[in-house]
Undergrad: 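Below are the structure tokens for one structure; questions will follow.
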Amino acid sequence: MRKRSWGFVAAGLLVALLLAGVVSNYASSHPDGLDSSLLKGCTVDADGEITGGSCPAQQAKDHELADSPLADYGIRGVDNGFLSTGLSGVLGVLLTFAVGGGVFWLLRRRGPARPDDAVGTPREDRQSAGAAG
């Protein structure tokens, strides 16, 4: 990869880390459209707890990974909510970058084709022909 490409990737990673680590703390805490539609028919208090009525959200169960270290947009064990959310975002970006980078590294081209590589000729035939001649 050229130097210019590395700079672009590093700048993109830096912006993603900044957004995930800082700006994510200012995201809306109000329920999105799906959550709101699932609460229709129920009475909800200021904390978002269902206090009465009947709605699909009453059937909700905890996810299998609800006790995982990165559940609920935070890090378990970090008491500061701002820090917990920021670190969770940064870890998510780094994990995504590592997995994506690993996939691209595995699939990258090994370089331009050599001019002596004939189209349609298996590599073994070319090597044996070169050794015999």
Undergrad: How many angstroms lie between OG1 in Thr85 and CG in Asn25, if you round to the nearest 0.5 Å?
TA: 5.0 Å

Undergrad: Please collect all disulfide (SG to SG under 2.5 Å) contacts where either partner lies in residues 37-106, sequence neighbours excluded, each pair once.
TA: Cys42-Cys55

Undergrad: Running the 4.5 Å side-chain criterion over Ile, Leu, Val, Met, Phe, Trp and Tyr, what cluster does Leu91 land in, apart from itself?
TA: Leu70, Ile75, Val78, Leu83, Leu87

Undergrad: List, by chain and number, the other hydrophobic cluster members for Phe104, where Ile, Leu, Val, Met, Phe, Trp and Tyr join if side-chain heavy atoms come within less than 4.5 Å, directly or indirectly.
TA: none

Undergrad: Evaluate whether atom CZ of Phe82 has more than 12 neighbouring non-hydrogen atoms of other residues, nucleotides or ligands under 6.0 angstrom away.
TA: yes

Undergrad: Could you identify which residues cluster with Leu65, counting Ile, Leu, Val, Met, Phe, Trp and Tyr as linked when any side-chain heavy atoms lie under 4.5 Å apart, either directly or through a chain of such contacts?
TA: none

Undergrad: Any chance CG of Asp72 has more than 12 other-residue heavy atoms, nucleotides or ligands included, within less than 6.0 Å?
TA: no

Undergrad: Could you go through Ile50 and Thr43, starting from their C-alpha distance and side-chain angles, then the distance that decides it, and tell me whether this counts as side-chain contact (heavy atoms from CB on, under 4.5 Å)?
TA: CA-CA 6 Å; Ile50 299 172; Thr43 307; over 6 Å; no

Undergrad: Without swapping roles, check the side chain of Gln58 against the backbone of Gly53 for a donor-acceptor pair under 3.5 Å.
TA: yes

Undergrad: Would you indicate whether the side-chain heavy atoms of Glu49 and Val44 approach each other to under 4.5 Å?
TA: no

Undergrad: Are Leu13 and Val93 side-chain neighbours, meaning at least one heavy-atom pair lies under 4.5 Å?
TA: yes

Undergrad: Counting only heavy atoms not in Asp67, do more than 12 fall under 6.0 Å of its CG?
TA: no

Undergrad: Has Ser84 got a side-chain atom pairing as donor or acceptor with Asn80's backbone, closer than 3.5 angstrom?
TA: no

Undergrad: Should side-chain heavy atoms under 4.5 Å link Ile, Leu, Val, Met, Phe, Trp and Tyr, which residues sit in the same cluster as Leu95?
TA: none

Undergrad: List for me each residue that meets side chain to side chain contact (heavy atoms under 4.5 Å, CB included) alongside Val90, sequence neighbours excluded, and say none if there are none.
TA: Leu17, Leu94

